[in-house]
Amino acid sequence: MKVRILTLFPEMFNGPFGTSILKKAQEKELIDIQCFNIRDFALNKHKKVDDYPFGGGAGMVMTPQPIFDCHHHVTQMLNLNEPCKTIYLSPKGSTFTQEKAMELAKEEQLIFLCGHYEGIDQRIIDELVTDEISIGDYVLTGGELPAMVIVDAITRLIPGVLSTEASYEDESFHCGLLEYPHYTRPRAFNGLEVPSVLLSGNHKDIDMWRRKQSIELTFERRPDLLKGLQLKKNEAQWVAELSKKKE
Ligand SMILES: NC(=O)c1ccc(NCc2ccccc2)nc1
């Protein structure tokens with residue numbers, strides 16, 4: 001997969017993409033990430049990339065020309081015969097989910113457009129942006145951190161990126177439930193024991209315990225996730241008991 005990131009601060013990406021799993025994925029050529037500095041494409045003498053908003057109001061807006069030319073340069077180099085999926089990171093976008101990550105992980109190439117200030121000129125969004133995505137209901141100083149989050153979530157899904165031990169368990173594995181608690185050695189730590197079922201070697205009991213933990217945790221923290229789920233009879237019984245306790 002080719003990832004191209006249009007940003008005013010390419011150096012922000014050196015840490016996350018120069019470390020650990022994302023770095024190894026690039027070394028193994030499973031993903032090719034390149035950042036482009038939008039400012040390099042500004043034609044005005046002072047390399048200005050923002051201006052006052054028409055209609056007045058606080059803040060500045062990123063001007064269209066540098067972004068347009070940067071995007072054109074990147075798409076030329078990608079040498080595609082159809083427009084490249086271009087993701088604009090914005091609080092107005094559709095909320096990013098694991099499902100969306102799995103969908104994007106199938107793409108051959110992706111362009112990320114990171115805005116700053118109050119955002120970018122709408123004509124760029126109308127002409128070039130194919131997907132406007134938000135990583136959550138909060139406002140950040142720029143689209144760079146959301147771009148890193150999304151590239152991280154996508155990259156780990158690319159076959160070969162995670163070792164078999166660390167291999168991801170996709171949505172269907174936990175079927176939309178929150179994951180059960182994890183324990184490892186030592187068996188007693190600061191006087192705290194590991195749940196005995198996990199030491200029993202009885203994998204039927206272990207799976208049952210983990211499933212129950214997932215359902216209880218999801219009931220407590222994300223009852224919305226429970227709504228859309230098909231539970232087995234005994235599992236629905238667990239939920240009914242939890243609901244009674246809550247009354
Ligand atoms: N929640 C998010 O994903 C997100 C994305 C970008 C951002 N800040 C940059 C920006 C501000 C206003 C308009 C467009 C972009 N903050 C949060």
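Numbering of ligands and ligand atoms starts at 1, following listing order.
Counting the atoms of ligand 1 from 1 in the order shown, those under 4.0 Å from a heavy atom of V139 are 16 (N), 17 (C). Under a 4.0 Å criterion applied to the non-hydrogen atoms of Y88, ligand 1 contributes the atoms 14 (C), 15 (C). Close approach of ligand 1 to S134 (heavy-atom distance below 4.0 Å) involves ligand atoms 1 (N), 2 (C), 3 (O). Distances below 4.0 Å separate heavy atoms of G115 from the following atoms of ligand 1: 9 (C).
Within a 6.0 Å radius of CE in M77, more than 12 heavy atoms belonging to other residues, nucleotides or ligands are found. By the neighbour-count criterion of 12 heavy atoms within 6.0 Å, atom NZ of K23 is sparsely surrounded, having that number or fewer from other residues, nucleotides or ligands.
Considering only non-hydrogen atoms, atom 16 (N) of ligand 1 lies nearest to L140 out of L140, I133, I135.
The protein non-hydrogen atom at the shortest distance from atom 12 (C) of ligand 1 is E118 O, 3.7 Å. When hydrogens are left out, the protein atom nearest atom 10 (C) of ligand 1 is P91 CD, 4.1 Å; that is the closest non-hydrogen contact. Ranking the protein heavy atoms by distance from atom 1 (N) of ligand 1 puts G136 O, 2.9 Å first. At the top of the distance list for atom 6 (C) of ligand 1, counting protein heavy atoms only, stands L89 O, 3.6 Å.
Residues Y180 and I215 form no side-chain contact, since every pair of their non-hydrogen atoms from C-beta on lies 4.5 Å or further apart. F219 places a side-chain heavy atom less than 4.5 Å from the side chain of V239.
On a distance-only criterion, Y138 and ligand 1 share at least one N/O pair closer than 3.5 Å.
The main-chain N or O of L110 is never found under 3.5 Å from a side-chain atom of K85 such that the two would form a donor-acceptor pair.
In this model, no donor atom of one side chain and acceptor atom of the other lie less than 3.5 Å apart for T141 and H116.
Checking H72, H71, Q65, H73 one by one against D69, the side-chain hydrogen bond (donor to acceptor under 3.5 Å, both in side chains) holds for a single residue, Q65.
Electrostatic pairing of E216 and R211 does not count as a salt bridge here, judged by no charged N lying under 4.0 Å from a carboxylate O.
Neither the backbone nor the side chain of F96 comes within 4.0 Å of ligand 1, counting heavy atoms alone. At a heavy-atom cutoff of 4.0 Å, ligand 1 is contacted by no atom of H116, backbone or side chain.
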